[in-house]
Student: 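One structure is given below, represented as structure tokens, and several questions about it will come after.
Just so you know, these numbers use all the heavy atoms, side chains as well, and skip hydrogens, waters and symmetry mates. Because the structure is a prediction, the values reported are computed rather than measured.
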Amino acid sequence: MPTETAHKVAIVTGASRGLGRNTAFSLAKRGVDSVITYHANQTEAASAVAAIQALGGKAVALRLDTGDIASFDGFAAEVGQALQATWGRDRFDYLVNNAGTGYSAPFAETTEADFDRLFNIHLKGVFFLTQKLLPLLNDGGRIVNLSSGLARFSLPGYSAYASMKGAIEVLTRYLAKELGPRGIAVNAVAPGAIETDFGGGTVRDNPEVNKFVASVTAMGRAGVPDDIGPMIAALLADENRWMTGQRIEVSGGMAL
């Protein structure tokens with residue numbers, strides 16, 4: 001039996017694959033429906049919707065480039081239309097800011113163009129997409145922003161990416177403070193190294209990288225999507241209604 005009300009609706013960005021997809025599935029198992037977004041792969045998004053429906057839930061897939069801030073007005077309008085058409089309502093309950101892209105380069109070789117692309121997707125996009133969707137988010141709702149273990153521990157090549165995630169953690173605390181009067185809880189989830197296609201699938205497909213991750217992780221292995229999605233779904237549930245403004249690392253104990 002689902003542990004959440006069947007009428008809750010989440011928006012999960014970047015949910016056609018990886019952690020976002022797993023999160024949407026985990027929410028469906030708890031009776032929570034989803035508006036999922038995808039950047040380019042409509043086929044994968046359609047398969048995610050079909051899988052959620054097979055779990056007994058409802059889902060809609062909308063295209064979104066989280067680095068294209070000018071598109072957010074149109075996206076918010078599409079969300080409003082989808083909520084009315086599919087659920088007969090004009091508000092949603094949970095926002096999971098998951099969409100992102102990987103990038104690795106030494107500090108001395110990081111280009112301004114790559115830095116700006118990361119900034120637009122991982123920080124500016126999250127800031128203004130959340131702002132744009134606030135009028136559609138129910139009072140008493142929840143927001144989860146995806147950070148990274150790299151905001152705590154340092155690995156060469158991730159200075160730009162990790163800097164954006166560090167900023168997301170600060171933003172999370174400010175959102176928790178400012179949205180608290182509406183009863184909206186805001187937290188950051190910081191995964192460790194996970195076996196997905198993120199960043200070209202390096203952790204999943206490169207045996208040397210996978211072995212290194214396992215060697216510096218207390219639990220002795222790299223993470224998998226099932227380590228993250230169910231945790232995010234649980235964090236959004238009413239049992240955690242009093243938790244806000246927190247950074248929660250889910251890394252199996254990397255670099256302790």
Side-chain angles (χ1 to χ4, degrees), residues 9-24 27 33-49 52 58-87 89-103 111-138 141-148 160-161 163-165 167-168 170-172 174-175 178-179 182 184 186 188-189 196-199 232:
V9 178
I11 295 178
V12 185
T13 66
S16 64
R17 59 181 180 83
L19 298 186
R21 186 184 183 100
N22 191 282
T23 297
L27 286 167
D33 298 334
S34 290
V35 176
I36 68 170
T37 80
Y38 66 96
H39 179 244
N41 197 327
Q42 188 173 11
T43 300
E44 282 296 308
S47 75
V49 168
I52 290 168
K58 295 181 181 179
V60 173
L62 300 177
R63 186 185 179 280
L64 174 66
D65 180 352
T66 54
D68 181 8
I69 286 77
S71 72
F72 291 172
D73 279 324
F75 175 74
E78 288 184 339
V79 168
Q81 293 165 4
L83 289 171
Q84 282 290 347
T86 305
W87 291 278
R89 56 187 290 183
D90 56 9
R91 299 285 184 95
F92 69 98
D93 303 284
Y94 308 139
L95 173 61
V96 181
N97 285 308
N98 165 79
T101 184
Y103 177 78
T111 67
E112 184 178 0
D114 285 331
F115 184 95
D116 287 346
R117 182 172 63 91
L118 287 172
F119 174 77
N120 286 337
I121 293 171
H122 288 280
L123 181 55
K124 186 176 180 180
V126 170
F127 190 108
F128 287 104
L129 179 63
T130 302
Q131 183 188 81
K132 191 62 63 177
L133 293 175
L134 273 183
L136 300 176
L137 179 61
N138 269 324
R142 310 272 191 275
I143 299 173
V144 169
N145 297 321
L146 268 290
S147 179
S148 170
Y161 176 83
S163 293
M164 306 305 163
K165 293 305 189 180
I168 282 294
V170 174
L171 175 62
T172 295
Y174 274 83
L175 288 176
E178 294 196 26
L179 301 183
R182 287 183 55 187
I184 296 171
V186 188
V189 170
T196 69
D197 60 359
F198 187 78
I232 294 174

Student: Show the numbers, then the answer: is there a side chain to side chain contact (heavy atoms under 4.5 Å, CB included) between K132 and D73?
Tutor: CA-CA 7 Å; K132 191 62 63 177; D73 279 324; 2.8 Å; yes
Student: Within a strict 4.5 Å, meaning less than it, do heavy atoms of the I11 and Y94 side chains meet?
Tutor: no
Student: Kindly compute the distance separating CG (D90) from CG (N138), expressed to the nearest 0.5 Å.
Tutor: 8.0 Å
Student: Just how far is it from atom CD of Q131 to atom CG of L175, taken to the nearest 0.5 Å?
Tutor: 10.0 Å
Student: Mind checking whether R63 and Q42 have side chains closer than 4.5 Å, heavy atoms only?
Tutor: no
Student: Would you check if R89 and V9 make a side-chain contact, meaning some heavy-atom pair closer than 4.5 Å?
Tutor: yes
Student: Which atom names give the shortest non-hydrogen contact between L118 and A160, and what distance separates them?
Tutor: CD1-CB, 3.7 Å
Student: Any idea which heavy atoms bring V49 and A59 closest together, and the distance?
Tutor: CG1-O, 3.6 Å
Student: Taking it one step at a time, do S16 and N41 satisfy side chain to side chain donor-acceptor pair (under 3.5 Å)?
Tutor: CA-CA 7 Å; S16 64; N41 197 327; over 6 Å; no
Student: Side chain to side chain contact (heavy atoms under 4.5 Å, CB included) for V60 and L62? Distances and angles first, verdict last.
Tutor: CA-CA 7 Å; V60 173; L62 300 177; 4.0 Å; yes
Student: Taking it one step at a time, do E44 and R21 satisfy salt bridge (charged side-chain N to carboxylate O under 4.0 Å, His left out)?
Tutor: CA-CA 10 Å; E44 282 296 308; R21 186 184 183 100; 3.4 Å; yes
Student: If you take all heavy atoms of I36 and A48, which pair is closest and at what distance?
Tutor: CD1-CB, 3.7 Å
Student: Apply side chain to side chain contact (heavy atoms under 4.5 Å, CB included) to the pair V79 and F75, showing each step before the final yes or no.
Tutor: CA-CA 6 Å; V79 168; F75 175 74; 3.6 Å; yes
Student: How far does OH of Y38 sit from OG1 of T43, to the nearest 0.5 angstrom?
Tutor: 9.5 Å
Student: Is it the case that T130 and N97 place a side-chain donor and acceptor less than 3.5 Å from each other?
Tutor: yes
Student: Looking at side-chain heavy atoms only, is the closest gap between R142 and L95 below 4.5 Å?
Tutor: no
Student: What closest approach, in Å, do A15 and V12 show between heavy atoms, and which atom pair accounts for it?
Tutor: CB-O, 3.5 Å
Student: Walk me through it: do I143 and V96 pass the test side chain to side chain contact (heavy atoms under 4.5 Å, CB included)?
Tutor: CA-CA 6 Å; I143 299 173; V96 181; over 6 Å; no
Student: Any chance OH of Y103 has more than 12 other-residue heavy atoms, nucleotides or ligands included, within less than 6.0 Å?
Tutor: yes
Student: If you look at every heavy atom in G14 and T37, which pair is closest and at what distance?
Tutor: N-OG1, 2.9 Å
Student: Under the side-chain contact (heavy atoms from CB on, under 4.5 Å) rule, collect the residues that match up with A99, sequence neighbours excluded.
Tutor: T13, T66
Student: With no hydrogens and no angle check, is any side-chain donor or acceptor of S71 less than 3.5 Å from a backbone partner on D68?
Tutor: yes
Student: Using every non-hydrogen atom in the two residues, find where F128 and F72 come nearest and quote the distance to one decimal.
Tutor: C-CD1, 3.8 Å
Student: How many angstroms lie between CZ in R17 and CG in N98, if you round to the nearest 0.5 Å?
Tutor: 8.5 Å
Student: Report yes or no: does R91 contribute a side-chain atom to a donor-acceptor pair with the main-chain N or O of L136 at less than 3.5 Å?
Tutor: no
Student: What's the spacing between L137 CG and D93 CG if we round to 0.5 Å?
Tutor: 7.5 Å
Student: In Å, rounded to the nearest 0.5 Å, how long is the span from OG of S148 to CE of M164?
Tutor: 13.0 Å
Student: So for atom CD, which belongs to Q84, do other residues, nucleotides or ligands contribute more than 12 heavy atoms lying within a distance under 6.0 Å?
Tutor: yes
Student: Any sub-3.5 Å donor-acceptor pair from H122's side-chain atoms to T101's backbone N or O?
Tutor: yes
Student: Give a yes or no on whether the backbone of L146 and the side-chain of K165 come within a donor-acceptor separation of less than 3.5 Å.
Tutor: yes
